[in-house]
Amino acid sequence: MKNILLVDDNRTMLLFMEKVLSKRGYEITTAIDGAQALKILDERPDIQFVLSDWMMPEMDGIELCHRVKSSDYSRYLFFVLLSGKDDQQSIISGINAGADDFVVKDTHVDELVARIKAGFRTLELHNEITNKNNQLDSAYATMKKDLESAGDMLKRLLPSEKKLSGVELSYVSIPSAQIGGDMLGYMQLDEDNVGFYLLDVAGHGVSSALMSFSVQQSIAINSDKGSIVKSATSEPPYYRLNEPHEVLKQLNDLYLSDDQNLLYFTMAYAILNVKTGKMSFSIAGHPPLVWLHGKDSNAEFIGQDSFVVGAFDFVEYESAYVQLEPGDKIWIYSDGITEAEKGTTQFSEDGFKNAVVELKDHPTAVQTELLVNRVKDWQQADQFDDDVSVLVVEWIGYPEGEKPCNTRLSTKVNAQFFK
């Protein structure tokens, strides 16, 4: 049954209209003025159609229309104004009040009923859209909750320890949405060596986050006898550490894109011997590392021109080697921080390097957070348009009783590796 609230101070008109519309299959509820109509509407949420006279005591039809069409009103109503006037100004006033239709009282009953039918069709369409929007809101809320849970899970994958043997570490990782495509980590490869990395998957959202999670799991040490970061050998200690370029090569083979999977990522992976300070590293399409020298507080870029991981099957990577001194720091970062913008200006890699130097006297444990806050202050915004990740690794120095080794670089290193 389709319900109509009929409002008119003329009881004869109420009885007549109630009889006519009831015969046409409508359930009629009546009110003698706008105030009574509001009370009925509050008690009858099933009524969504109002047919109201214009001129009434207490509260006229225009005021009633204003009230129920207000954005503060609890629900949507289809409102038809009845008037003895048929002039343009009356029609304009009714429409401005929010009325959905305007009918002159001497309109033929068949035309009035046709207008009422059209109004109910509009109501049905509105209710259908509202229900679908509610379903979408519910689905969105579920997805948002799931994404937040996934984001929390990804955060748990980030390292909890800020110190490993021979090094001190600090990092910040901020996704641009609930989940992001950046991932960083570090691990004790063996008694002498620490490995650390940062990767940035192209794009944002679930697919990028899933790939970053998958890569993180691939890098995790599963066995001393064989993994992406280690290879089994036949002699003690029955394994060798894979060179950084070998790690990137294996990842490229593992995550090579196809027609269905077009994701790829940039990455920097490094191994630091905590007893000697010798560090090997390889870069795949990633921004250059920043090497901060502890003795003179100078900073320089070290990096390689190379392809991203997962895009091409012909890619070869190379490892480079540097000799750190006690107190030296290696900074790795994603381009989300260097491409932060203020107007048309980017923070830039040079801006990042300068900030590293300016923060050198602060404790390593807080330097990454201070740097990210500096970029936020610079861009005058608390949010980043891209995922932001920053990792700093400080080599503490030679263990007691150990002698410094001679500083030397691999023959693979040449000018093209350094910016």
Side-chain angles (χ1 to χ4, degrees), residues 1-87 89-141:
M1 184 70 72
K2 295 180 178 180
N3 302 312
I4 296 177
L5 175 60
L6 182 62
V7 190
D8 200 316
D9 61 321
N10 187 321
R11 296 184 182 277
T12 302
M13 179 63 70
L14 277 180
L15 291 173
F16 172 74
M17 294 292 293
E18 182 180 8
K19 181 178 180 180
V20 168
L21 295 178
S22 296
K23 286 184 176 180
R24 301 298 181 104
Y26 297 101
E27 179 180 309
I28 306 301
T29 303
T30 61
I32 60 173
D33 58 39
Q36 187 182 24
L38 281 177
K39 184 179 179 181
I40 292 172
L41 289 172
D42 288 341
E43 296 172 351
R44 294 281 306 275
D46 58 309
I47 297 177
Q48 284 189 278
F49 197 107
V50 178
L51 186 61
S52 175
D53 186 22
W54 185 313
M55 303 300 295
M56 296 180 294
E58 297 295 330
M59 182 187 296
D60 63 18
I62 289 289
E63 178 61 23
L64 175 61
C65 188
H66 272 301
R67 295 281 190 93
V68 300
K69 286 296 187 177
S70 168
S71 59
D72 297 329
Y73 198 69
S74 59
R75 66 184 187 276
Y76 175 77
L77 298 174
F78 193 90
F79 199 100
V80 179
L81 268 176
L82 288 171
S83 175
K85 299 179 181 181
D86 191 19
D87 60 283
Q89 186 57 47
S90 297
I91 296 174
I92 293 173
S93 297
I95 292 175
N96 286 338
D100 298 287
D101 201 356
F102 183 93
V103 179
V104 179
K105 281 190 172 182
D106 60 2
T107 299
H108 193 278
V109 171
D110 289 340
E111 181 181 341
L112 174 62
V113 170
R115 288 174 179 265
I116 291 174
K117 287 181 179 179
F120 273 104
R121 287 197 296 270
T122 301
L123 268 178
E124 290 172 0
L125 179 60
H126 169 83
N127 292 338
E128 181 180 353
I129 293 173
T130 299
N131 289 335
K132 289 183 177 180
N133 284 339
N134 290 337
Q135 293 172 7
L136 287 173
D137 288 342
S138 178
Y140 174 77

### Message
Does F16, at its CZ atom, have more than 12 non-hydrogen atoms belonging to other residues, nucleotides or ligands within less than 6.0 Å?
### Response
no
### Query
Is there a side-chain contact between E27 and N3, using heavy atoms and a 4.5 Å cut-off?
yes
### Query
Can you find a pair of side-chain heavy atoms, one from D8 and one from K105, that are under 4.5 Å apart?
yes
### Query
Do L112 and V20 come within less than 4.5 Å of each other through their side chains, counting heavy atoms only?
no
### Message
Main chain of I47, side chain of R75: is a donor-acceptor contact present, judged purely on distance under 3.5 Å?
### Response
yes
### Heavy-atom side-chain proximity of K69 to Y76 below 4.5 angstrom
yes
### Task
Start with the C-alpha gap between I40 and V7, add the side-chain angles, then the distance that decides, and say whether side chain to side chain contact (heavy atoms under 4.5 Å, CB included) holds.
CA-CA 11 Å; I40 292 172; V7 190; over 6 Å; no
### Query
Of the non-hydrogen atoms in L38 and M59, which two are nearest, and what is the gap between them?
CD1-CE, 3.6 Å
#### Entry: Backbone N/O of T107 and side chain of E111: donor-acceptor pair under 3.5 Å
no
### Query
Would R115 and V80 count as a side chain to side chain contact (heavy atoms under 4.5 Å, CB included) if you check the C-alpha gap in whole Å, the side-chain angles of each, and the deciding distance to 0.1 Å?
CA-CA 9 Å; R115 288 174 179 265; V80 179; over 6 Å; no
### Query
With a 4.5 Å limit on heavy-atom distance, are the side chains of R44 and L5 in contact?
no
### Query
Does atom CZ of R11 have more than 12 heavy-atom neighbours, drawn from other residues, nucleotides or ligands, at distances under 6.0 Å?
no
### Task
Measure the shortest side-chain to side-chain distance between I116 and F120 over non-hydrogen atoms and say whether it is less than 4.5 angstrom.
yes
#### Entry: V50 side chain reached by V68 side chain, heavy atoms, under 4.5 Å
no
### Task
Can you measure from CE (M56) to CD1 (I62) and round to the nearest 0.5 angstrom?
9.5 Å
### Query
Can you tell me how far OG1 of T122 sits from CD of Q48, rounded to the nearest 0.5 angstrom?
12.0 Å
#### Entry: Heavy-atom check, side chain of D100 versus side chain of F49, under 4.5 Å
no
### Task
Starting from the C-alpha separation in whole Å, work towards a yes-or-no answer on side chain to side chain contact (heavy atoms under 4.5 Å, CB included) for K2 and L123.
CA-CA 11 Å; K2 295 180 178 180; L123 268 178; over 6 Å; no
## Note on the structure
Distance col, row T30:OG1 vs I4:CD1, nearest 0.5 angstrom, shows 12.5 Å
### Message
To the closest 0.5 Å, what do you measure between CD (Q36) and OG1 (T29)?
### Response
10.5 Å
### Approximate separation, where rounding is to 0.5 Å, of T130 OG1 and E128 CD
10.0 Å
